[in-house]
Amino acid sequence: MNPRCFAKFELWDRHTVARVEDSGVRTIRNAVVGELHFEVSNTWLAPRSGHRLQVFAPADSETERRLAGLVSRAPHVRPAL
């Protein structure tokens, strides 16, 4: 594997992530399955840099069920060679 692939994890490896904060619950309305509720967390990579990792986790079992339904409907895409 190309070592440059791991360069993006350098901040994480050095433990220089600025902070992690919970942003509460967000609702997304999907035309196929309806409302989806997610708990959102932000991981800021540096103070005031604007670079962050945002994680959306299902907030309830109904959202999990609806997400599974969306995934089952998704067309199977073959990776480009």
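For this chain, numbers begin at 1 and follow the sequence in order. Side-chain atoms are counted along with the backbone in the values below, which use heavy atoms only and exclude waters and symmetry mates.
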Inset, instruction - Please confirm whether the backbone N or O of His37 pairs with a side-chain atom of Thr27, one donor and one acceptor, at under 3.5 Å? - result: no
Legend entry - Pairwise side-chain contact, Phe38 with Leu67, heavy-atom cut-off 4.5 Å (strictly under): yes
Legend entry - Within-4.5 Å side-chain heavy-atom neighbours: Val55 and Asn42: no
Legend entry - Considering all heavy atoms, the nearest Arg66-Glu35 contact: NH1-O, 2.8 Å
Legend entry - salt bridge (Lys or Arg N to Asp or Glu O under 4.0 Å) partners of Arg65, counting only residues at least two apart: Glu62
Inset, instruction - Not counting sequence neighbours, which residues clear side-chain hydrogen bond (donor to acceptor under 3.5 Å, both in side chains) with Asn30? List them please. - result: none
Inset, instruction - Look at the side-chain heavy atoms of Ile, Leu, Val, Met, Phe, Trp and Tyr, link any pair under 4.5 Å apart, and say whether Val33 and Ile28 land in one connected group. - result: yes
Legend entry - Verify same cluster id: Leu36, Val32 (apolar side-chain graph, 4.5 Å): yes
Inset, instruction - Could you walk me through whether Gln54 and Arg26 pass the side chain to side chain contact (heavy atoms under 4.5 Å, CB included) test, one step at a time? - result: CA-CA 12 Å; Gln54 209 169 36; Arg26 293 204 187 149; 3.4 Å; yes
